[in-house]
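What follows is a single structure, written as structure tokens, with notes after it.
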Amino acid sequence: MAREMMYMDAINAAIIEEMQRDENVIFYGQNMAMTERDPMLKKFGKDRVRLTPISETAEIGIGIGAAMTGLRPIVELWMSEFMLVAFAQVLNEAPRLRYMSGGQVKVPLVLKAGFGFCAGWAGQHSNCIYHSMMGIPGLKVVVPSTPADAKGLMAAAIRDDNPVVYLHSYMLTLDKGQVPDGEYVVPLGVADVKRAGTDITIVAVGWMVKKAMAAAERLAQEGISAEVVDPRSLAPLDVKTIVASVKKTGRVVLVDQAPRHSSAAAVIAGEIAEHAFEHLRAPVKMVTALDASVPYSEPLENFVVPNEEKIVQAVKAVLANQEVAA
Amino acid sequence: MAREMMYMDAINAAIIEEMQRDENVIFYGQNMAMTERDPMLKKFGKDRVRLTPISETAEIGIGIGAAMTGLRPIVELWMSEFMLVAFAQVLNEAPRLRYMSGGQVKVPLVLKAGFGFCAGWAGQHSNCIYHSMMGIPGLKVVVPSTPADAKGLMAAAIRDDNPVVYLHSYMLTLDKGQVPDGEYVVPLGVADVKRAGTDITIVAVGWMVKKAMAAAERLAQEGISAEVVDPRSLAPLDVKTIVASVKKTGRVVLVDQAPRHSSAAAVIAGEIAEHAFEHLRAPVKMVTALDASVPYSEPLENFVVPNEEKIVQAVKAVLANQEVAA
Amino acid sequence: MPKKHQLSKDRLVWMFTQMVRIREFEEAVKRAFIEHPGVIRGHAHLGDGAEASIVGSLSTRNKTDLAMPSYRCHGYPIVLGTPLRKMMAEVFGRKDGLCKGFGGSMHLADPAHHFPGTSGIIGQSIAHATGAALTAQVKKTGQVVYCFFGDGASKQGAFFESVNMAAVWKLPIVYVLENNQYQAYTHFSLEDANAVAGDPLSKKAAAFSIPGVTVDGTDPVAVHKAVSKAADRARAGKGPSLVETKFYRLSAHGNVITVPPLPTQFPEHEAVAVYGNKKEFAQWKAKDPVVKFRSRLIKTRALTEANAKRIEDAARAEVKDAVEFALASPLPAPEEAVNYVYA
Amino acid sequence: MPKKHQLSKDRLVWMFTQMVRIREFEEAVKRAFIEHPGVIRGHAHLGDGAEASIVGSLSTRNKTDLAMPSYRCHGYPIVLGTPLRKMMAEVFGRKDGLCKGFGGSMHLADPAHHFPGTSGIIGQSIAHATGAALTAQVKKTGQVVYCFFGDGASKQGAFFESVNMAAVWKLPIVYVLENNQYQAYTHFSLEDANAVAGDPLSKKAAAFSIPGVTVDGTDPVAVHKAVSKAADRARAGKGPSLVETKFYRLSAHGNVITVPPLPTQFPEHEAVAVYGNKKEFAQWKAKDPVVKFRSRLIKTRALTEANAKRIEDAARAEVKDAVEFALASPLPAPEEAVNYVYA
Ligand SMILES: Cc1ncc(C[n+]2csc(CCOP(=O)(O)OP(=O)(O)O)c2C)c(N)n1
Ligand SMILES: Cc1ncc(C[n+]2csc(CCOP(=O)(O)OP(=O)(O)O)c2C)c(N)n1
Ligand SMILES: [Mg+2]
Ligand SMILES: [Mg+2]
């Protein structure tokens, strides 16, 4: 059975279900569970649901220490940029401790944060920083693009025995979709073909999956069949599924909300260059944010961030096998 | 005129010369200038050369504030991983403040740090984190591989009006090379063809340039002519020079000390896939660290990090146009 | 208080004027969410309630001293002399804004008026302010830096690291911890160890062996007095002080967070909306610093009712003009967005 | 001191024994740089001088209490019961090492003996220790966490953030600030604002309104007393305390940093090598905690000279055996390196 649900509600549903399932799961963060009327606090009690100060280094570090000693913390970090004040804990503590101990400890920790809020939040609150967390041995990173994935990936993240950064797109918060009832786990490290197609592959992440789907729809009306692949996990990255799609279609556009060299798109393009080269019939093409911080004012912001139109144009350019300026 | 100099001495020479040239340049960090006998302190005085506590967030943040108000600080951070405790300052403050102010302020700041110390320093002190600083609009990143570049890029970094992360490879610290006397500036954003060749391009960063040069030497003895390109700046990245080399040779191996998906190699491979595709006669090939943190014990460490032999094998595989496991 | 810090009648009236200008500006911003929906994007944070803290602090500054506030930054430049037109235009994301529409409400900057900029990431700008004080020291400019940050920010590592360094280096800086009793939706008593123990937040000064004092942040004269002392100390080369100004944020943390194109508005104050504590809100509302200071000046005859009205009318007119200017200013051209990335 | 914390003769002898075992282990590690060059890679940091702080603290623990030290971590597991063989094999990078050669000197870990691991990044493990205390509280295990960190680490934001949270949550943790007077090459008086003002570093406790005390860290009984009180408080659900144990690191910060294949060795102590201050070094050398405690126990007849010798010989033999074991243990197979990345 499934039901229609909002993306954000799907995330919460997974957290609640996993907390019901395993009493070692705890949940804390800033500006949550302030009063006894808080529904999560009511359900799970003061020990398991907590309010924290603006102390990300301690919040994440405490999560690590708690995970090393038997709990399974979910840390609510709100915006992913806030993690940067504590990035040593994310990149150089959580994923290293198991390895350095020769496998003696594990760190089952979920770092939950939203990203890419393009809504006039300007230069420090609108970024995509997933690229900086890719390729860190020991660290997993997931980016759901639909309510169902949001639920299934959260469940998987909580059950995983490794640190997982769970990044939800702010722009998808209110989107609705069918979400399976009850236990629903989307395995980490498995990409999803969100739309099948034959002429070209579009690889997109997070909010950009929605834009890519819209672009594919428009292209379909013009007789172009685009396959949309959503990696869902950026680490581990399901290179196999992506490469298989590219091998099938022979062409690929990579869409990413981040600037070009800090995008997952660039890394994926590198993998394609190594593993699908012989099947490519045209150069890969990246559609990314421009090389600028996200500006405040609406026309400026719109100009910097990729959109449906740019995707459509890129697809057409690749199909015409001619390079156009990014 | 030039003279033989060690890599680390070349860096210091540039700092001293620039501090002599411009009294707004200041230099501070942990575990330096502890006593009045310190040569830098003697030369430039207590105001301009300072000792700091283990407070990277404040150290870098103070550098930003000082830069906004008229100084040109160089912050000695020692190991690049230490920057992670203050990564918000590096990724989300220094490069954003000018943009957010609509160009009213500038942040001429140099963050100096060593990286990639493969000498038994284990999982938290041996990493390459440059990848996480690529593609951040407003931020420049340089990685010198020779004493001359070490000097010239430091001079350029200090003179630049933007925040520049200057990353020196610990493994090259004692290497010697010819270094021009006096004023010598290597422009930021310009790659260097470290060795000309015709059969294949090897793109390598930092310590890996040295390994690539050694591999090219060995390959030359077998009649294979490899061109070695050193980006020197990772941001801005000189895609043009890299692509030109690949267009010429038609084949490319990318060497990087970081794990695959956190490497500059992957990003560069993505650019090549978009901009040199038609000229490629074989898939690109990456030689990177394995997907593991750097382990302590020597045989383990050697196994994880790329070496000359792996580069030679990769080049031969590409020339044979057959894929081999990474 | 030492004679030199005694406030003349003119100065008191000037302070009142600035407080009124801040209040009028913030109320106009708040009204804009209703009167001009969609014009303000992102997150806007108001300083109503903080007027005494802001003006009391900045009334002690010398001409070239710097102010480095947090992202809740509207009040400070108003006192420094930044034109309200440019400020409002920036909040509205216009081409004629202070930052040409690149920064918005959280990131006002006006270096020409001694306000280098802000950070939206909590605690980080405390380090920037400390760096500005380093410049003052190295270049011997005689400047003092006024660093403002919230009760919430005092739980971020950047705060402790910065103050320690300022104390060791004896930097010319005054740390004004504006305890408006909330960090977003969280009452400070729920997250601060000093508060949990019933101690003032200024006790944190002991961690650096520097003076720490808590002062009534609804009284601009009390703030002036405490900050004067701290600024004197800074100017004398004796290093930083910590002044906790305790007052109450009178509006909600910020406008409601929504996903575009849903319009966003200002909700009720958290005391009521989150904690259901109407009494707390009413008690502090009764201590409104602008209202209190007005009565006091009238009572002490520093001001007549007529003059007060004139000041208020002038401020209202100035703000109205700013709104009109901002609305008339064009949006920036999209292609502008790639400028100012590099110097 | 309360009766229950009074130390029996046996207990005092046990404490002396642990101190000797630590000292012998550290001296063997130091000697290995000369006797077996190249066997220890990277950076090794010794705890000689810290014996009284380590043993005095851990002598107050209950069976399942956890120790969470910094990267200067050899001493603690020795007290907890970790086999020296496995420890030395890890320091030598061998297959039979505690961490199979993956961690080395800085990253010993032995969760089976209540030592979950360490971080090499200053200050970060203070948060981890606080998290372990959270587990103890949530799971109601009755455990106390002993969190050790250096004077240098007390300038890292992680320290302040963690202690504040522990105080608000009343976590069962004792923060032992081991002030060995140096952070790498820097004397603490050059970087700490409390020290600059002539105050003890335990004054930082005021920032959290928790007990803070400074104790003679060369005296294991004094440390025991102070830490007992703190542990009692933690166990009673009253939250954290800060105990500054002041002593002196007797060896240099670590072996010299070199680029392979250049061999690395232990240099002279920074007091001499950097500051040219032989007197300081000599003064503190005279307060060697192991030597002092030995004489005291003999003077108070808790120990005979013959027993002391026996203990020392046994420790020496144990460490010699550990070195031989470690040397005989094979290096790990290269292909092992891709294991343990994910659980
Ligand atoms: C590092 C970081 N964490 C979280 C946030 C989200 N945030 C924005 S404002 C705010 C509250 C700040 O409270 P306070 O410092 O008291 O300042 P006030 O809003 O009261 O002026 C928070 C938590 C942030 N911007 N940066
Ligand atoms: C964040 C960070 N900055 C710098 C370093 C380099 N470093 C390693 S040990 C050390 C000194 C630590 O001093 P202290 O905390 O007093 O501990 P001690 O060595 O005296 O035991 C420093 C600065 C580091 N490891 N991490
Ligand atoms: Mg506040
Ligand atoms: Mg120390």
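Below, chains carry the letters A, B, ... as their sequence lines are ordered, and counting in each starts from 1. Computed from a prediction, not measured in an experiment: that's the story for all the values here.
- Side-chain atoms of B:Asp149 and B:Tyr184 include no donor-acceptor pair closer than 3.5 Å.
- Of all non-hydrogen atoms in B:Val143 and B:Asp230, the two that sit nearest each other are O-OD1, 4.4 Å.
- Only the side chain of B:Ile26 comes within less than 4.5 Å of a heavy atom in chain C; its backbone stays farther off.
- Nearest heavy atoms, B:Leu109 versus B:Ala67: CB-CB, 4.4 Å.
- No close placement of the B:Phe82 and B:Trp78 rings is indicated, their centers lying 6.0 Å or farther apart.
- For the set C:Leu108, C:Val145, C:Ile121, the count of heavy-atom pairs under 4.5 angstrom toward chain B peaks at C:Ile121.
- Heavy atoms closer than 4.5 Å to chain B are found in the side chain of C:Leu66, but not in its backbone.
- When all heavy atoms of B:Ala157 and B:Val110 are compared, the pair lying nearest together is O-CG2, 3.4 Å.
- For C:Ala132, the parts lying near chain B are the backbone and the side chain together; criterion is any non-hydrogen pair under 4.5 Å.
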Could you please show the donor-acceptor pairs under 3.5 angstrom between chain B and chain C, with distances rounded to 0.1 Å?
unit_1: B:Asn24; atom_1: OD1; unit_2: C:Lys139; atom_2: NZ; d: 2.8
unit_1: B:Asp47; atom_1: OD2; unit_2: C:Lys140; atom_2: NZ; d: 2.7
unit_1: B:Arg50; atom_1: NH1; unit_2: C:Gln137; atom_2: OE1; d: 3.1
unit_1: B:Arg50; atom_1: NH2; unit_2: C:Gln137; atom_2: OE1; d: 2.7
unit_1: B:Thr57; atom_1: N; unit_2: C:Glu161; atom_2: OE1; d: 3.2
unit_1: B:Ala58; atom_1: N; unit_2: C:Glu161; atom_2: OE1; d: 3.1
unit_1: B:Ala66; atom_1: O; unit_2: C:Thr135; atom_2: OG1; d: 3.2
unit_1: B:Thr69; atom_1: OG1; unit_2: C:Thr135; atom_2: OG1; d: 2.7
unit_1: B:Gln89; atom_1: OE1; unit_2: C:His128; atom_2: NE2; d: 2.8
unit_1: B:Gln89; atom_1: NE2; unit_2: C:Gln124; atom_2: O; d: 3.4
unit_1: B:Gln89; atom_1: NE2; unit_2: C:Gln124; atom_2: OE1; d: 2.9
unit_1: B:Glu93; atom_1: OE1; unit_2: C:Ser119; atom_2: OG; d: 2.9
unit_1: B:Glu93; atom_1: OE2; unit_2: C:Ser119; atom_2: OG; d: 2.6
unit_1: B:Tyr99; atom_1: OH; unit_2: C:Ala337; atom_2: O; d: 2.6
unit_1: B:Met100; atom_1: O; unit_2: C:Gly103; atom_2: N; d: 3.3
unit_1: B:Gly102; atom_1: O; unit_2: C:Lys100; atom_2: NZ; d: 2.8
unit_1: B:Gln104; atom_1: NE2; unit_2: C:Leu98; atom_2: O; d: 3.2
unit_1: B:Gln104; atom_1: NE2; unit_2: C:Ala109; atom_2: O; d: 2.9
unit_1: B:Gly138; atom_1: N; unit_2: C:Tyr342; atom_2: OH; d: 3.4
unit_1: B:Asn162; atom_1: OD1; unit_2: C:Ala343; atom_2: N; d: 2.7
unit_1: B:Asn162; atom_1: ND2; unit_2: C:Ala343; atom_2: O; d: 3.4

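- Screening B:Ile11, B:Ile158, B:Val142 for a side-chain contact (heavy atoms from CB on, under 4.5 Å) involving B:Leu153 leaves a single residue, B:Val142.
- Residues satisfying the ring pair (Phe, Tyr, Trp, His ring centres under 6.0 Å) criterion with B:Tyr166, sequence neighbours excluded, are absent altogether.
- Note: C:Ala127 leads C:Ala127, C:Gly117, C:Gly104, C:Ala112 in heavy-atom pairs under 4.5 Å with chain B.
- Taking the six-membered ring where the residue is Trp, the centroids of C:Phe149 and C:Phe159 are separated by under 6.0 Å.
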